[in-house]
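Notes follow once the structure below has been shown.
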Amino acid sequence: MDKRQRFMNFLDNKEVDRVPVAFYHHYLNSMMLYNMNQGLKNEKIFEENIEGHKSTKMKFDPDLIKVMNDSIMIMPLDFSQAKNDFDLKNIRPQGPDSLWADKTIELAKRVKEIYKDSDAPVFFTSFGPAYIIRSSFANIGNLMAGSKFFESKILKIAAEQKDDLKDLVRRVSEDVVQLNERLFKEAAIDGIYFSVNNQNNFFDKEYYREVFTPGDKLILDQANNLSKMNLLHICGYRNKANDLETFKDYKAAAYNWAVHAEGVSLKEGKEFFAGAPVFGGFEQNGLIAKGTKEEIKAEVYKILDDVGQVGVMLGADCTVPTNFDDSRLNYVVEACQNYAEDHKN
């Protein structure tokens, strides 16, 4: 069974020769925040982002290729026409023909070229409007800076300018829709890996559903019109958990969440999402990063004993550590092969 057929069987809840495996990590040092999302300003960082995929490919042949867009990860909103940070009406998304959008297309095409000999499907990470807006207001290009000042500012805006925020969400979401259309058409991706989160109920659940969910669904529904292979990543990790109820009615081909942060196993999540395909299972900085080959095999067997082999793909809660040795992922593949052999009908 080739990789594409294995993946399609996973999405169709059909039997596979072995459970597919999909893990990812960033290629820019996440501890050096000034490198993340700085590909427009620094071509060296943009190239480093691309080169990272080559080193991974030398050590691991994935069942699913995900373009890691660290260097231009989050759309930077344009504040140049705004009087201040609270002037939401004059904050602008980048636009589908902007330099940022063009570099995004370039990144996708060049990573696809690296994997041109693979039959694995190719996905590009797309972010929901809450993620984009929060990161822009953090003024750092990512969500790793959770200062109390930043948190109080965005929550003040949310409380006092709900209607203006709704309009900004709409405009940002429409921009993401147009970018995704370019990715499907020009870079010929197979689907989007759609990342959403409301970790630790940063926004009240009902507020998130009213203000941000329409934008999330606009992006996801548009992608679903272009492909039946789009994946939903409910981004959580370590102590940053999500309330899965917030995203229960989002329509995707398969679902991923932080099993260890949320305390919801793959089996429980598969039931929660009405039998849909699910993926994940490993803690991002646990056994997969630190365990022995034997310990990883035992964990694979434990997970698959619980959830089975149909409509399941093994991965992590979120990205594994940046300095991860990709050859360790072969332990998981081998364990999945062994499990399939041991459980033939």
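Both backbone and side-chain heavy atoms feed into the values below; hydrogens, waters and symmetry mates do not.
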Are side-chain heavy atoms of [X] and [Y] found at a separation under 4.5 Å?
| X | Y | answer |
| --- | --- | --- |
| D326 | F23 | no |
| N330 | F60 | yes |
| F282 | V259 | no |
| V300 | L314 | yes |
| M229 | M8 | yes |
| R110 | E47 | yes |
| Y339 | D305 | yes |
| I50 | I114 | yes |

Which pairs count as side-chain hydrogen bond (donor to acceptor under 3.5 Å, both in side chains) when at least one residue sits in residues 272-289, sequence neighbours excluded? none
Under a 4.0 Å threshold between the charged nitrogen and the carboxylate oxygen, would [Y] count as salt-bridged to [X]?
| X | Y | value |
| --- | --- | --- |
| R209 | D249 | yes |
| E106 | K103 | yes |
| E210 | K166 | yes |
| R171 | E174 | no |
| E113 | K116 | yes |

Let me confirm one number: the [atom1]-[atom2] distance from [X] to [Y], rounded to the nearest 0.5 Å.
| X | Y | atom1 | atom2 | value |
| --- | --- | --- | --- | --- |
| N42 | S71 | CG | OG | 9.5 Å |
| L88 | Q161 | CG | CD | 4.5 Å |
| L183 | L179 | CG | CG | 4.5 Å |
| M73 | Q38 | CE | CD | 11.0 Å |

Just by distance, do the side chain of [X] and the backbone of [Y] share a donor-acceptor pair under 3.5 Å?
| X | Y | value |
| --- | --- | --- |
| D78 | P93 | no |
| S136 | I133 | no |
| E262 | A258 | yes |
| E268 | S265 | yes |
| W257 | V264 | yes |
| K270 | A276 | yes |
| Y255 | F272 | no |
| N197 | I234 | no |
| H53 | V67 | no |
| K228 | N224 | yes |

Return yes when atom [atom1] of [X] has more than 12 non-hydrogen atoms of other residues, nucleotides or ligands closer than 6.0 Å, and no otherwise.
| X | atom1 | answer |
| --- | --- | --- |
| K251 | NZ | no |
| Q337 | CD | yes |
| K267 | NZ | no |

Do [X] and [Y] land in one hydrophobic cluster if side-chain heavy atoms of ILVMFWY residues count as linked below 4.5 Å?
| X | Y | value |
| --- | --- | --- |
| L329 | L287 | no |
| L220 | L218 | yes |
| F124 | V122 | yes |
| F137 | V196 | yes |
| L40 | V172 | yes |

For the pair D175 and R92, evaluate salt bridge (Lys or Arg N to Asp or Glu O under 4.0 Å) and give the outcome as yes or no after the intermediate values. CA-CA 10 Å; D175 200 72; R92 297 284 182 264; over 6 Å; no
What verdict does the salt bridge (Lys or Arg N to Asp or Glu O under 4.0 Å) test give for K185 and E181, after you've listed the backbone C-alpha separation in whole Å, the side-chain angles of each residue and the deciding distance to 0.1 Å? CA-CA 6 Å; K185 181 178 179 180; E181 288 174 347; over 6 Å; no
Please report the shortest heavy-atom distance between [X] and [Y], naming the atom on each side.
| X | Y | value |
| --- | --- | --- |
| G191 | S227 | CA-OG, 4.1 Å |
| D85 | I157 | O-CD1, 3.9 Å |
| S173 | G215 | OG-CA, 3.2 Å |
| M75 | V176 | CE-CG2, 3.8 Å |
| T319 | H25 | CB-CA, 4.0 Å |
| R182 | A101 | NH1-CB, 3.9 Å |

Could you go through Y250 and T213, starting from their C-alpha distance and side-chain angles, then the distance that decides it, and tell me whether this counts as side-chain hydrogen bond (donor to acceptor under 3.5 Å, both in side chains)? CA-CA 9 Å; Y250 284 32; T213 290; 3.0 Å; yes
Is there a donor in the side chain of Y27 and an acceptor in the side chain of T56, or the other way round, less than 3.5 Å apart? yes
Quiz question: by atom type and distance under 3.5 Å, do the side chains of N198 and T246 form a donor-acceptor pair? no
Let me see the working for K59 and D325 under salt bridge (Lys or Arg N to Asp or Glu O under 4.0 Å), right down to the final yes or no. CA-CA 8 Å; K59 296 182 177 181; D325 178 1; 3.6 Å; yes
Test applied, side-chain contact (heavy atoms from CB on, under 4.5 Å); reference residue, L64; option that passes from V21, L231, D190: L231
Could you point out which residue of L232, T125, N230 forms a side-chain contact (heavy atoms from CB on, under 4.5 Å) with Y193? T125
Tell me whether the rings of Y131 and F127 are parallel (<30°), tilted (30 to 60°) or perpendicular (>60°). parallel
Students often mix this up, so state it plainly: with edges at 30° and 60°, are the rings of F212 and Y208 parallel, tilted or perpendicular? tilted
Would you confirm whether the ring centroid of F7 sits within less than 6.0 angstrom of the ring centroid of F123? yes
Could you check R328, R18, K293 and say which one makes a salt bridge (Lys or Arg N to Asp or Glu O under 4.0 Å) with E334? K293
